[in-house]
Protein chains: 2
Amino acid sequence: MKLTIDALSALAQETRLAIFRALVRAHSPDEGRGGLAAGEIAERLGVAPATLSFHLKELAHAGLVVSRREGRSIIYKADLGRMSAVMGFLLEDCCNGACGTVAACAPQEECVS
Amino acid sequence: MKLTIDALSALAQETRLAIFRALVRAHSPDEGRGGLAAGEIAERLGVAPATLSFHLKELAHAGLVVSRREGRSIIYKADLGRMSAVMGFLLEDCCNGACGTVAACAPQEECVS
DNA sequence: TCTATATTTCTATAATTATCAAAATATGAA
DNA sequence: TTCATATTTTGATAATTATAGAAATATAGA
């Protein structure tokens, strides 16, 4: 439940939810591909570099994003497996089964929560 | 998106998530039935009345719970239709379709978001 | 090496959120 | 009415979170 709260806290903030949504749209299931550079995110959302870095750290701490370095840039990428686990908890424990069903996350490589 | 953030903020707190989960377990689809009295929740979770009231107000403000008076007690009840709407947004916008599918909320009376 | 670029960490400050005692409000029963 | 019960509001305080300038770190290229 602590993990769920960390994830919800991370997403319960306008800038961070916007970051995460941008990363989801830029996602690729392939290792080492997809995601966005920190600077690209900062520019798109119009937030100061230090502020963006603060929020990216929050998202990373919650396990919702991972990063890799590419030259001078650091590329952030959504961890959909983690998001899937959070959704699973919410649907099962907080929706009483009445709100929907998770088609158990297909065993794609990025979906091993 | 503001609505989603309000809901996530409401659930991203240990006491409130515990309250909501208790209310989901005590849910009934019937109008005027199900839910828990504020005092009952306070006792179960061991939180001071004023603190509980603060958190219930947050959940109500986010639209995740509704209340009705019964005698001296005020009964709080989870609004699963609202929760369903939040889940729908997350699955569609934040999971890239890769994390699960919503079986579109069946048109039960409590599920008209 | 030196320089420019990309990002993070440090630091201070502002803003928001959580807690709970005490007082206020609403209801039902005697 | 008056009293006891259930809950909320007020108000004060503590704790957490958000913002961003300035300095520090890491990389690539000249």
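Since this is a predicted model, take the numbers as computed values, not measurements. Every chain is numbered from 1 and lettered A, B, ... according to where its sequence line falls, protein lines coming before strand lines.
- One can place CZ of Phe54(A) at 8 Å from P of dT17(D), the figure rounded to the nearest angstrom.
- The line from OG of Ser67(A) to CG of Leu59(A) is 11.5 Å long, rounded to the nearest 0.5 Å.
- We find that CG of Asp6(B) is positioned 14 Å from C1' of dT17(C), with the value rounded to whole Å.
- Of the two residues near DNA chain D, Pro49(B) and Gln13(A), the one whose nearest nucleotide lies more 5' is Pro49(B).
- For Lys57(B) and dT10(D), the NZ to P distance is 7 Å, given to the nearest whole Å.
- Set against dT9(C), dT17(C), dT19(D), the side chain of His55(A) has dT19(D) as its closest nucleotide.
- For Arg16(B) and dT19(C), the CZ to C1' distance is 12 Å, given to the nearest whole Å.
- Panel note: side chain Arg25(A), backbone His27(A); no donor-acceptor pair is recorded below 3.5 Å.
- The backbone N or O of Ile75(A) sits nowhere less than 3.5 Å from a side-chain atom of Ser73(A) that would complete a donor-acceptor pair.
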Between the protein and nucleotides 3-6 of chain C, list every N/O to N/O distance that falls short of 3.5 Å.
| residue | atom | partner | partner atom | Å |
| --- | --- | --- | --- | --- |
| dT5(C) | O4' | Arg72(A) | NH1 | 3.3 |

Grab the N/O contacts between the protein and nucleotides 21-23 of chain C below 3.5 Å, and write none if there aren't any.
none

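- To the nearest 0.5 Å, the span separating CD on Glu58(A) from CZ on Arg16(A) amounts to 5.0 Å.
- DNA chain D is contacted by both Glu70(A) and Glu58(A); Glu58(A) maps to the nucleotide lying nearer its 5′ end (nearest heavy atom per residue).
- OP1 or OP2 of dT8(D) lies within a sub-4.0 Å distance of a side-chain N or O belonging to Tyr76(B).
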Report the C-alpha distance between Asp79(A) and Leu64(A) in whole Å, list the side-chain angles of each, state the deciding distance to 0.1 Å, and finish with yes or no for side chain to side chain contact (heavy atoms under 4.5 Å, CB included). CA-CA 5 Å; Asp79(A) 183 337; Leu64(A) 290 167; 5.8 Å; no

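- With rounding to whole Å, Leu56(A) atom CG is found 11 Å from dT9(C) atom P.
- Rounded to whole angstrom, the span from the CG atom of Leu52(B) across to the C1' atom of dC20(C) amounts to 12 Å.
- For the OP1/OP2 pair of dT19(C) and a distance below 4.0 Å, the side-chain nitrogens and oxygens of Thr51(B) include no atom meeting the criterion.
- Between the CD atom of Glu43(B) and the P atom of dT7(D) there is a distance of 11 Å, rounded to whole Å.
- With hydrogens and angles disregarded, a donor-acceptor distance shorter than 3.5 Å links the side chain of Arg82(B) to the backbone of Ala62(B).
- Within the 4.5 Å cutoff, no side-chain heavy atoms of Glu40(B) are placed close to those of Tyr76(B).
- Using a cut-off of 4.0 Å between Lys/Arg side-chain N and Asp/Glu carboxylate O, Glu31(A) and Arg33(A) are scored as not salt-bridged.
- Regarding Ile75(B), its CD1 atom lies at a distance of 7 Å from the P atom of dT7(D), rounded to whole Å.
- Here the closest heavy-atom approach between residue Ile74(A) and residue Arg69(A) is recorded as CD1-NH2, 3.8 Å.
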